[in-house]
Amino acid sequence: MARKEYAFYPGCSSQKGASASNYLTSVESMCKTLDIKITEIPDWNCCGASISYAEAGELPRHAMNARNFALAESNLPGQDIVATCAACWLGARESKERLEHNDRLMADTQEALKEAGLNIKTIPEIKHMVEVLIEDLGYDELKKPVKKPLNGMKFAGYVGCQTNRPFGIHGESFENPVYLDKLIETVGGEATPYDQKVTCCGGALAFSEPDKAQAQIKDIIEAAYDSGAEMLVTPCPLCQANTEVYQGQINKKYGTKFQMPVLYYSQLMTLAYGGSAKEAGLDGNVIRARKLEEFAGK
Amino acid sequence: MSNMNEQMAAKYKNNFLKEIEEQAEMGDWVKMCMQCGVCSGSCPTNFHAGWDHPPQEIFMMIRAGKREEVLTSNSMWQCTSCYNCYVRCPRKVPITHIMHGIAEYAYRLGLAPKMQPSLHLSQTFWNNATKHGRVNEVQLTQSLYFKDGIGAGIKKAMEMKDVALGLVKAKRLNIMEALGGGHKCKDVDGIHKMLAKAKELEAKRKAGKAAGA
């Protein structure tokens with residue numbers, strides 16, 4: 001039996017062929033080393049993300065999350081839900097909080113769930129993968145399996161918004177969270193002093209208001225270079241995509257020469273645990289992390 | 001004015017604050033705002049052009065009864081859901097949710113700005129996600145690019161082709177999704193029934209409040 005078991009909520013972007021599929025690859029490798037068993041919630045659905053607020057209204061959004069709660073509860077009883085995506089985690093946590101504090105919303109949600117043949121008894125705890133690592137295991141446990149420390153490599157820990165606000169990781173400050181820096185150091189890397197670590201990448205507005213979002217992304221990348229970092233590290237699929245895939249457009253628009261790889265914490269951990277480039281999902285980086293590819297091949 | 005807009009304006013005559021409290025998600029928190037302006041200074045999109053009124057102005061305008069000006073404003077649609085305002089507010093006002101709530105209410109009344117890009121994204125995202133229970137990223141992107149017609153869509157797609165090619169090469173963009181392939185829930189029928197019921201119950205709850213107004 002694994003030392004920890006969770007009902008896993010991968011979210012839409014982590015699926016095979018989707019925009020964060022390499023996140024999932026590296027999370028699976030990392031969890032294998034750490035002896036964490038993650039079992040996908042059967043037939044889970046989209047959380048609605050933040051941007052659906054206008055079309056969805058309130059109750060339909062909670063109903064979507066509640067369906068996942070009910071499926072987790074009945075199929076994987078007693079297990080906490082763990083999400084890897086910041087938006088999935090936030091959406092689910094928000095719905096849990098709202099339903100637990102509002103009897104009317106809960107009653108209406110149960111009535112809606114009945115239409116899908118489901119119901120909720122107790123909403124499971126909802127954790128982000130980072131919480132599992134830090135709170136359920138702890139930095140010491142995360143350090144034990146390190147075979148190949150990322151010595152001499154400099155990373156800017158870009159925390160972004162939704163793993164940090166409004167819930168955040170327990171004990172961390174909203175203005176200067178340090179957990180990502182600590183994770184980088186745990187696997188032997190150097191976390192550079194980085195002043196844009198909680199700046200918003202624009203989120204969904206990277207689609208609808210690209211100029212505004214890209215102005216923010218420019219600040220985020222520029223500050224990472226200024227801090228001396230070679231790569232950016234993030235816990236969020238949308239932060240990862242936004243800060244990575246628009247660098248070419250930003251270069252055209254602003255005359256910059258950005259070419260900074262953007263990694264997930266789970267990719268660093270997989271590599272430090274001795275995993276291959278493939279197990280770390282490095283082939284999924286649009287801006288290839290050549291230094292890490294070489295490191296993995298050694 | 002839409003029919004619903006007329007009805008609501010008549011029901012809550014001269015009491016726009018009450019209307020927001022009862023009809024917009026988290027609207028009952030608006031009266032807690034003490035006009036310090038920390039939210040406005042914390043907002044990442046406040047520093048770009050095109051922002052009519054930052055949150056604390058919107059809240060004061062609600063109290064001042066500026067119904068038309070608030071509900072037709074583009075301000076709420078600038079929210080990136082970064083929650084900076086939310087965590088910094090000294091009165092713990094859930095500003096992010098209120099901005100979403102006012103936006104949703106304006107949209108429901110037919111007063112949201114026409115062709116507002118983030119409103120369009122919200123519609124497209126939710127319809128995409130709920131069609132099969134999971135997001136089809138390729139179709140989502142296609143409908144966003146082609147919102148202003150075929151010509152504009154092709155131009156946009158050409159501008160974005162390097163981004164798309166990079167993602168295809170990294171196996172993070174599945175072309176088959178364009179043809180309706182990709183990921184889906186099994187119980188799509190159950191999800192649709194559940195959402196129809198949720199929508200019905202929410203409308204009933206809000207109508208009940210208006211009836212008591």
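Just so you know, these numbers come straight off a predicted model, no measurement behind them. Lettering follows sequence order; numbering is per chain, from 1.
- Remark: of the listed residues A:Val286, A:Val245, A:Asn285, A:Asn285 is the sole one forming a side chain to side chain contact (heavy atoms under 4.5 Å, CB included) with A:Gln240.
- Counting all heavy atoms, side chain and backbone alike, B:Asp52 lies closest to B:Ser73 at OD2-OG, 3.8 Å.
- When the candidates A:Gly48, A:Pro60, A:Ala215 are compared by the number of heavy-atom contacts under 4.5 Å with chain B, A:Pro60 comes out ahead.
- In this structure, the portions of B:Leu167 lying under 4.5 Å from any heavy atom of chain A include both its backbone and its side chain.
- Checked by atom type, the side-chain pair B:Glu19/B:Gln23 shows no donor-acceptor distance below 3.5 Å.
- Donor-acceptor pairing under 3.5 Å is recorded for the side chains of A:Ser50 and A:Gln162.
- Ring centers of B:His97 and B:Tyr83: under 6.0 Å apart, within the cut-off.
- Of the listed residues B:Thr45, B:Asn174, B:Ile191, the one with more heavy-atom pairs under 4.5 angstrom with chain A than any other is B:Ile191.
- A:Ser13 touches chain B through backbone and side chain together, each having a heavy atom under 4.5 Å away.
- A:Tyr9 places no side-chain N or O within 3.5 Å of a backbone atom of A:Ala72 that could act as its donor or acceptor partner.
- Interface remark: of the candidates A:Cys161, A:Ala112, A:Ala241, A:Ala112 forms the most heavy-atom pairs closer than 4.5 Å to chain B.
- Per-residue heavy-atom pair counts under 4.5 Å with chain A were compared for B:Gln116, B:His183, B:Lys197, B:Arg108, and the maximum is reached by B:His183.
- A salt bridge links B:Glu25 to A:Arg98: at least one charged side-chain nitrogen sits closer than 4.0 Å to a carboxylate oxygen.
- By the 30° and 60° cut-offs, the orientation of the rings of B:His100 relative to A:Tyr53 is parallel.
- Donor-acceptor pairing under 3.5 Å is lacking for the side chains of A:Asn65 and A:Lys96.
- Neither the backbone nor the side chain of A:Arg288 comes within contact range of chain B; no heavy atoms are under 4.5 Å apart.
- When the candidates A:Gly202, A:Cys47, A:Gly117 are compared by the number of heavy-atom contacts under 4.5 Å with chain B, A:Gly202 comes out ahead.
- Only the side chain of B:Asp162 comes within contact range of chain A, with at least one heavy atom under 4.5 Å from a heavy atom of that chain.
- With hydrogens and angles ignored, the 3.5 Å screen pairs no side-chain donor or acceptor of A:Ser14 with any backbone N or O of A:Gly11.
- With a 4.5 Å cut-off on side-chain heavy atoms, B:Cys82 and A:Arg165 count as touching.
- Between chain B and the residues A:Ala54, A:Gly160, A:Ser21, A:Cys46, the most heavy-atom pairs under 4.5 angstrom are made by A:Ala54.
- Within the 4.5 angstrom heavy-atom criterion, only side-chain atoms of B:Met26, from C-beta onward, approach chain A.
- A:Gln247 does not touch chain B: none of its heavy atoms, backbone or side chain, sits under 4.5 Å away.
- Considering only heavy-atom pairs separated by less than 4.5 Å from chain B, the leading option among A:Cys200, A:Gly203, A:Ala20 is A:Cys200.
- Ranked by heavy-atom pairs shorter than 4.5 Å toward chain B, the options A:Cys12, A:Ser19, A:Ala116 are led by A:Ser19.
- The contact between A:Leu90 and chain B is made entirely by side chain atoms (from C-beta outward), counting heavy-atom distances below 4.5 Å.
- Judged by distance alone, the side chains of A:Thr163 and A:Tyr179 do bring a donor and an acceptor atom under 3.5 Å apart.
- Using a 4.5 Å cut-off between heavy atoms, A:Pro210 touches chain B through its side chain atoms alone.
- With a 4.5 angstrom heavy-atom cutoff, A:Glu111 touches chain B via backbone and side-chain atoms both.
- Only the backbone of B:Met76 comes within less than 4.5 Å of a heavy atom in chain A; its side chain stays farther off.
- Listed options B:Cys185, B:Ala112, B:Gly190 were ranked by heavy-atom pairs under 4.5 angstrom with chain A; first place goes to B:Cys185.
- When heavy atoms are compared at a cutoff of 4.5 Å, A:Asp43 approaches chain B by way of both its backbone and its side chain.
- At a 4.5 Å heavy-atom cutoff, B:Glu200 makes no contact with chain A through either its backbone or its side chain.
- Heavy atoms closer than 4.5 Å to chain A are found in both the backbone and the side chain of B:Asn84.
- Using a 4.5 Å cut-off between heavy atoms, A:Lys16 contacts chain B through both its backbone and its side chain.
- When the options B:Gln139, B:Gln142, B:Gln123, B:Glu137 are evaluated for a side chain to side chain contact (heavy atoms under 4.5 Å, CB included) with B:Asn128, the one that passes is B:Gln139.
- Heavy atoms closer than 4.5 Å to chain A are found in the backbone of B:Lys171, but not in its side chain.
- Chain A forms more heavy-atom pairs under 4.5 Å with one residue of B:Pro94, B:Gly166, B:Ser118, B:Ala129 than with any other, namely B:Ser118.
- For a residue to count as touching a neighbouring chain, one of its non-hydrogen atoms must lie under 4.5 Å from one of that chain's; by this rule B:Arg88 touches chain A with the side chain only.
- In summary, the side chains of B:Asn46 and B:Ser40 do not present any donor paired with an acceptor at a separation below 3.5 Å, with no hydrogens or angles considered.
- More than 12 heavy-atom neighbours from other residues, nucleotides or ligands sit within 6.0 angstrom of CG on B:Leu179.
- Between the side chain of A:Tyr23 and the main chain of A:Thr84, a donor-acceptor pair closer than 3.5 Å is present.
- If you measure heavy-atom distances from A:Glu209 to chain B, the contacts under 4.5 Å come from the side chain alone.
- Within the 4.5 angstrom heavy-atom criterion, atoms from both the backbone and the side chain of A:Gln15 approach chain B.
- The side-chain tip of A:Lys218 points at the ring of A:Tyr254 from less than 6.0 angstrom away and within 45° of straight on.
- The pair A:Glu244-B:Arg172 meets the salt-bridge criterion, with a side-chain N (NZ, NE, NH1 or NH2) lying under 4.0 Å from an Asp/Glu carboxylate O.
- Neither the backbone nor the side chain of B:Lys206 comes within contact range of chain A; no heavy atom of the residue lies under 4.5 Å from a heavy atom of that chain.
- Heavy-atom pairs under 4.5 Å with chain A were tallied for B:Tyr105, B:Tyr145, B:Trp77; the largest tally goes to B:Trp77.
- Heavy-atom pairs under 4.5 Å with chain A peak, among B:Ala170, B:Ala196, B:Gly182, B:Cys79, at B:Ala170.
- With a 4.5 Å cut-off on non-hydrogen atoms, A:Ile287 does not touch chain B at all.
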